[in-house]
Number of protein chains: 4
Amino acid sequence: MINKKKFIAVIGGSQCSSQEAEVAESVGRELARQGAILVCGGRGGVMEAACRGASAEGGITIGILPGDSRQAANPYVQIPIVTGIGYARNVVVVKSAQAVIAIGGNYGTLSEISHALESGIPVIGLNTWSLSRKGQPDNSIIPAQDPTEAVDKALNLAANQ
Amino acid sequence: MINKKKFIAVIGGSQCSSQEAEVAESVGRELARQGAILVCGGRGGVMEAACRGASAEGGITIGILPGDSRQAANPYVQIPIVTGIGYARNVVVVKSAQAVIAIGGNYGTLSEISHALESGIPVIGLNTWSLSRKGQPDNSIIPAQDPTEAVDKALNLAANQ
Amino acid sequence: MINKKKFIAVIGGSQCSSQEAEVAESVGRELARQGAILVCGGRGGVMEAACRGASAEGGITIGILPGDSRQAANPYVQIPIVTGIGYARNVVVVKSAQAVIAIGGNYGTLSEISHALESGIPVIGLNTWSLSRKGQPDNSIIPAQDPTEAVDKALNLAANQ
Amino acid sequence: MINKKKFIAVIGGSQCSSQEAEVAESVGRELARQGAILVCGGRGGVMEAACRGASAEGGITIGILPGDSRQAANPYVQIPIVTGIGYARNVVVVKSAQAVIAIGGNYGTLSEISHALESGIPVIGLNTWSLSRKGQPDNSIIPAQDPTEAVDKALNLAANQ
């Protein structure tokens, strides 16, 4: 049943390198293979690549859009959520997930990482931000070496959410 | 394909009469039978009854929650969206739909009707609010006599969105 | 002291008739004379006229803007709050006030009236929306005949908030 | 005139060390002395200390609250903005400012830093987060050694916003 599935967010830049797109697509594929539902911000770049991967494996994709139009979703979003609240939608992306996989990304991605950690939602990182505060490293972002490891860690941690 | 489906919001009180619950359940059933995806605020009352009806017919149900926890969704919500933005989530409920069916309801429902009309999203009413401004009736809420008529009108109007 | 002052929202269309603008300006003037702080959506029409009136009497004006730029505020807004959350900012306008005065208005104004009533914040109406639900009149919007009566009622009701 | 003043946000933990509170109070004092308006999240810790400092020097303080009640503001907030949108209000705090001063802070503060940088709003840091992405340091947070330097930098940068 759909409501036993895990919801995993994939976050990253709306523009990204081809290497990041490849990683994101693999993450999306692996999430779908393992029966998880993909949550993302619904736009291009990492989000589109992840949705493309998940769709190719028959997975479900949710895109939580910042603007007022469902037309702004990438073509692989099956369930567009139209918020109209701009970047405040970043909060909704992470809160709607039980774990978050961050791939590269800019300040928008960093805000999503922050909101997730603030809410106690685990964050797995693939070549993304690293943090220190007051001069001390903060290791809350859990590193992964490749898409499969990222998905495995996300699903394991989501089980406790 | 899921992304060719119509998204229809069902709105109404989180507490409701048994008659309203019956109407909402029929609306949910009919939406699912006609292949539409149900969007709602994810809580009890009219929302729960509509989700129960849609689920019984194998339909997909989305609950856009005001709080911070997916646990607050009614048991028939398959896709909980956790916004954490309180009643401002009412905007997200209607913007995520191509047409809205209002059943009874209190001021929260009225705010959703208003946000829908503001955004040009059609609203079909089943024994709900009626409006006049500056002393003149405003007939923007399209009346329906029963669940089937409401669903038919919603799907027809959604086709143009 | 500023924090003993009453916060009163004035809501209405971003476009309005010259008569409505006159009423809004008088409401703004009277609020300032009585020492209240004016809260509004920060845009044109009724909002601008109310801010102009309040400013002319040395009052403080707060404009809670939907977009991303403080430049979008009308020239009489002294304190622009830049939300970036679109129409969801309507919730913030009314929640930041202890009473609301509605002048004419369209669906956006109706959404603000609804959110105020939902939150138990009194609404005083000057030739604005009227409501009925399930065929029964809902008299929650308190009518006023002129700007002075509206301001007096708003300040009296705000005292209990 | 009030609308020629600069709006500067002070962000940091709702709980903080006594040393951070001292720094925040000095920042608040200095902002008020230089005629700036203080924007913050309206709660305790760094926010309260900054508001106390600004109030002591006759400055204006704005508190943009996450919840539904103006009573939750710290006692030095003169202008409470009641958003009801939870942590999504962090976006509003930074967008309402022309520059941001971060003092220490946890993940909520990091989300505010991120949203500011995303929006092109300068961030000055006093013993706060530091960032690197994809293994490279990101020096977007402008360091300051003490409250006076932080305020000077913030006001200079705000002049260009």
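Below, chains carry the letters A, B, ... as their sequence lines are ordered, and counting in each starts from 1.
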(message) Does either side chain, that of Asn127(B) or that of Glu20(B), offer a donor lying less than 3.5 Å from an acceptor on the other one?
(response) no
(message) Would you say that Val46(B) contacts Ile11(B) through its side chain, given a criterion of any heavy-atom pair below 4.5 Å between the two side chains?
(response) no
(request) Find out whether Pro147(B) and Val27(B) are in side-chain contact, i.e. whether some heavy atom of one side chain is under 4.5 Å from a heavy atom of the other. (result) yes
(message) What I'd like to find out is whether the side chain of Pro80(B) reaches to under 4.5 Å of the side chain of Gln71(B), using heavy atoms alone.
(response) no
(request) Check whether any side-chain heavy atom of Thr61(B) lies under 4.5 Å from a side-chain heavy atom of Ile79(B), and answer yes or no. (result) no
(request) State, without any angle test, whether Gln15(A) and Asn106(A) hold a side-chain donor-acceptor pair at a distance under 3.5 Å. (result) no
(message) Sub-4.5 Å heavy-atom contacts with chain B: which residues of residues 82-95 of chain A show up?
(response) Val82(A), Thr83(A), Gly84(A), Ile85(A), Val91(A), Val92(A), Lys95(A)
(request) Would you mind checking which part of Ile62(A) comes under 4.5 Å of any heavy atom in chain B, side chain (CB onward), backbone (N, CA, C, O), both or neither? (result) side chain
(message) Among Leu31(A), Asn156(A), Ile124(A), exactly one meets side-chain contact (heavy atoms from CB on, under 4.5 Å) together with Val151(A). Which residue is that?
(response) Leu31(A)
(message) What part of Ile64(B) gets within 4.5 angstrom of chain A, counting heavy atoms only: side chain, backbone, both, or neither?
(response) side chain
